[in-house]
*Asks:* 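To start, I am sharing the structure in question, which I have written as structure tokens.
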Amino acid sequence: PPPLPVLPIPSAAQLKWQRREVIMFFHFGMNTFTDSEWGTGAEDPALFRPAALNATQWMDAATAAGASLAILVAKHHDGFCLWPSGYTDHSVRASPWRGGRGDVVREFVDAARARGLDAGIYLSPWDRHDRRYGDEVAYNEYYEAQLHELLTGYGSVSEIWFDGAKGKNATNMTYHFQEWFQTVKQLQRSINIFSDDGPDVRWVGDEKGFAGTTCWSTVNRSMITIGEAGIENYLNAGDPRGRDWVPPECDVSIRPGWFWHKNETAKPLSQLLEIYYNSVGRNCVLLLNAPPNTTGLVEAADVARLRELGSAVSTIFGTDLAAGSAARASSERGAGFAARNVLDGREGTYWAPAPEDGRRNGYWIELRRPAAARPFNVVRVQEHVALGQRVERHAVYVDGAPVANGTTVGHKRLHRLPRPVAGRTVRIWIAARRGPPLLSAVGLHYDPFAVADTM
Ligand code: IPT
């Protein structure tokens, strides 16, 4: 049988989320039309009039980037609702768009499903428009009612985003996060809840798309207060002694702002790849934001950049230069847990060492490549995190020489090498671990876009 789990372990929904690796964010709303990031809440709904809104075009952009889930900002801090909420007048219903009969949330979820993507929703707790804000009972009732609208009216929602952002001079207001989270789970069983402290997915602590080089999927939720300054480092690295499985999500925009601004442009491919390595390559899911413009479309140049990213990732990782290697390890658990499982391209199979292995010298697994194998400059290591995150320290050797090392691995760790190497044997040493290491994959890749090592 498989080895025992090392607690905590992910839920099925968290595992599914982790394997998505890249997901998309769409910040669109009143700010798009006022050229701002944080609207005041006093905006005239008549300003919201995208001439050619086409959510299918957004989904095609998401697909080009390799994303399988798209999250819509349904209400940002300015309080303007992109669906015709029954609990406020400040919504698309009061705008000229589609004659006041439009519903961006509906168009978004329909377009996502038509393209085979899952949908998620962001509903800002901070609300600068609603007059109930500041009245604890009235505003929490309003917020709960909108959760009901969004989570019962639009089919299955895969992720919901609770942003801890709040202006320095914002009215004092106690959010009933615990009630909200339980409401969400009552309405959608398999949803993942994002906030600084999960419960399912946590913020990574910055908006640059960079996780810590050490990145645990585990934290102690009791250490985290949502929206509080000073928790960033804890969120960035996680906690090897964490009792809660709350893996990090890296939210970052392809442009400087979250919303579309006339004078901003998308980051270059090199920067997006850097973000990819520092998020997906450090045990995170990358939540990439692409802001549609005032016509309601993602700009062609942005779509092109997303496509470049998607195809660069396919180019790098579509070919595994470990293919055809022979695999051996410090020990094997026996039938079904062989070292060669790291080469089969399947998430569910893994190498497990024999129970008595590794007590003194650490564990290792080694690939012996075919004679004519091509050079590589990226090493991919993956843990079978379904049974818990275990690796605390590891190193990579090629033909006996050290080429890379690091701390955590988790779902995926990517090491970029300073230059391509063409060695025959690649050995991964696991020097410290919370339990016997279980590796689901070791891959070797060639990145033609590589500029420099930032290991
Ligand atoms: C920051 C919030 O404080 C934090 O709670 C989280 O929601 C995060 O946003 C998401 O990006 S505010 C931001 C201006 C750093």
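Quick caveat, the model's predicted, so the values are computed rather than measured. Whatever order the structure lists them in is the order used to number ligands and atoms, beginning at 1.
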*Asks:* Under the ring-ring contact (aromatic ring centres under 6.0 Å, His included) rule, collect the residues that match up with His384, sequence neighbours excluded.
*Replies:* Tyr350
*Asks:* Taking only residues two or more places apart in sequence or in another chain, which ones pass ring-ring contact (aromatic ring centres under 6.0 Å, His included) with His129?
*Replies:* His90
*Asks:* Cation-pi between Arg132 and Tyr139: NZ/CZ under 6.0 Å from ring centre and within 45° of the ring axis?
*Replies:* no
*Asks:* What does the list of residues with a heavy atom under 4.0 Å from ligand 1 look like, ordered by chain and number?
*Replies:* Trp161, Asp163, Gly164, Ala165, Asp196, Trp203, Glu207, Gly227, Asp251
*Asks:* Using a cut-off of 6.0 Å, state whether more than 12 heavy atoms not belonging to Arg19 lie near its atom CZ.
*Replies:* yes
*Asks:* Using the ring-ring contact (aromatic ring centres under 6.0 Å, His included) criterion, which residues pair with Phe177? Sequence neighbours excluded.
*Replies:* Tyr175, Trp180, Phe181
*Asks:* So, is the end of the Arg49 side chain (NZ or CZ) under 6.0 Å from the ring centre of Phe33 and within 45° of the ring's axis?
*Replies:* no
